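What follows is a short report on a single structure.
The structure presented is a predicted model; accordingly, all values stated were derived computationally and were not measured.
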Amino acid sequence: MPEPGATPVRQAPPPARSALFHAEQFVWLTARVLEQRLFAYDFLNGPADPVETALDAYRNDDGGYGHGLEPDLRGPVSQPLHTGRALQVLDVIGRCGGQRVDRVCRYLTAVSAPDGALPTVHPSLRGYPAAPWLPVVEPPPSSLLATGPVVGLLHRNEVWHAWLFRATDFCWQAVESLEKSHPYEVEAAVAFLDAAPDRPRAETAADRLGRLVREQRLVDPDPSADGSPLVEGATHFPHEYARRPDSLARAWFTDDEMDRSLDRLAHDQRGDGGWPTRRHPWAPGITLETRPMATIEALRTLRAYGRHIG
């Protein structure tokens, strides 16, 4: 206690905590084991083995993945969307190859349509819970949404399998014939084009797709950092199409548009350290599972563009 008349000593303010610090606390508090391991690998120099071990909990004997790996589909059965997310994880840790991917490709061959495309939802899901916008349809239609990211990831990792030939042809036809689309289908198209082996053709297709995105107002090129809610199915921001500066979609936006988009992304970190999700909370726990995924993706995007995260 200071003596009477003594000059009070001003205490130095505590050091500001970084976005990464707050995100880490959020992930440890809320995330599934897989996202905890991914966060540690991505941002804390963690090893790859625990990530793959956590991912194996979702793998089935048919080579596909299930058990709610993609939170909008529940139940144990393998599904293309689960399997696509598994490939994303393997790509992040540099293990998208070898026998593990051979098994995946056998599964993809078994569930694809005659044109080589994957369905968004395979009929084996019937009887298990799923988001209302992902109905079981028989026969299931071919889907660029499910096929594009998988084909892109396999090409980027120089995986060659017989299934890829037909699936690649499907993606080219689907992307080059798009007339009316929605943001998530455009994201899938970009995921394919960013890794498609025919680079001149990919650049031409991406240029056309960028014009379509503008014409159909599928992007908000001037996002204000006003904290307005993110809505499922709404127009996307530039950074949601161009997650990395080397994406073909980066050419769709000016430097100012991208800077404002990244400003909005940085601003969207919530007080609990996590980022919001666009997912509609159609069932208990969906938001809790998807927000850590959105948080890791936000940090990756900011880091890719050289933004300071901590």
Side-chain angles (χ1 to χ4, degrees), residues 32-35 37-39 41-42 48-73 76-113 116-122 124-125 134 142-168 170-171 174-175 184-185 187-197 243-244 247 289-290 292-294 296-297 300-301 304:
R32 303 182 297 189
V33 172
L34 176 59
E35 280 72 45
R37 297 299 199 182
L38 271 173
F39 184 91
Y41 176 85
D42 260 325
D49 283 350
V51 180
E52 189 166 3
T53 298
L55 182 63
D56 277 346
Y58 299 90
R59 183 162 57 85
N60 288 320
D61 291 341
D62 60 8
Y65 290 76
H67 305 278
L69 178 56
E70 163 52 55
D72 281 339
L73 301 176
V77 296
S78 297
Q79 287 289 309
L81 292 182
H82 294 316
T83 305
R85 185 167 292 279
L87 288 174
Q88 291 173 5
V89 172
L90 292 172
D91 177 60
V92 166
I93 63 175
R95 295 187 176 181
C96 193
Q99 290 186 350
R100 62 175 66 81
V101 175
D102 286 341
R103 291 193 298 266
V104 168
C105 287
R106 287 198 294 271
Y107 165 76
L108 299 175
T109 301
V111 299
S112 62
L118 298 169
T120 302
V121 178
H122 187 268
S124 61
L125 190 72
L134 294 172
S142 300
S143 168
L144 177 61
L145 182 72
T147 312
V150 170
V151 173
L153 279 169
L154 294 179
H155 278 307
R156 185 164 74 200
N157 287 276
E158 299 182 346
V159 173
W160 291 104
H161 188 275
W163 174 78
L164 262 178
F165 291 100
R166 289 183 302 129
T168 300
F170 166 80
C171 288
V175 170
Y184 297 106
E185 187 175 53
E187 280 191 66
V190 170
F192 166 69
L193 293 173
D194 277 347
R243 295 285 182 181
R244 297 181 55 85
S247 171
E289 288 186 354
T290 55
M293 297 161 65
I296 292 171
E297 189 64 51
R300 286 175 182 161
T301 300

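Sorted by first and then second residue, the salt bridge (Lys or Arg N to Asp or Glu O under 4.0 Å) pairs involving residues 155-168 (not counting sequence neighbours) are D91-R156.
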Worked check of side-chain contact (heavy atoms from CB on, under 4.5 Å) between R244 and D194: CA-CA 10 Å; R244 297 181 55 85; D194 277 347; over 6 Å; no
Evaluation steps, side-chain contact (heavy atoms from CB on, under 4.5 Å), between Y65 and L87: CA-CA 10 Å; Y65 290 76; L87 288 174; over 6 Å; no
Worked check of side-chain contact (heavy atoms from CB on, under 4.5 Å) between R103 and R59: CA-CA 10 Å; R103 291 193 298 266; R59 183 162 57 85; 3.8 Å; yes
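Of the residues I296, L38, V51, the one that meets the side chain to side chain contact (heavy atoms under 4.5 Å, CB included) test with V92 is L38.
Summarising the geometry of E70 relative to H82, their closest heavy-atom pair is N-ND1, 2.9 Å, with the distance given to 0.1 Å. Across all non-hydrogen atoms, the minimal contact from S78 to D62 is OG-OD1, 2.8 Å. Heavy-atom minimum distance, L118 versus T147: N-OG1, 2.8 Å. Heavy-atom minimum distance, C105 versus V159: SG-CG1, 4.4 Å. When all heavy atoms of Y107 and G63 are compared, the pair lying nearest together is CB-C, 3.8 Å. For the residue pair R85 and L69, the shortest heavy atom distance occurs at CD-O, 3.5 Å.
Rounding to the nearest 0.5 Å places CD of E297 at 8.0 Å from CD of Q88. Put simply, CG on L90 and CZ on R95 are 9.0 Å apart, with the number rounded to the nearest 0.5 Å. Distance check, rounded to the nearest 0.5 Å: CD1 of I93 to CD of E52 gives 5.0 Å. Separating the CZ atom in R32 from the CD atom in E289 is a distance of 5.0 Å, to the nearest 0.5 Å.
Within the 4.5 Å cutoff, the side chain of L154 has heavy atoms near those of the W163 side chain. At least one side-chain heavy atom of L34 sits under 4.5 Å from a side-chain heavy atom of Y58. In this structure, the side chains of V150 and P80 stay at 4.5 Å or more apart for every pair of heavy atoms. Considering only heavy atoms from C-beta on, V77 stays 4.5 Å or farther from N60 through its side chain.
D49 has no carboxylate O lying under 4.0 Å from a charged side-chain N of R37, or vice versa, which leaves the two without a salt bridge.
Side-chain atoms of S247 do not come within 3.5 Å of backbone N or O of R243 as any donor-acceptor pair.
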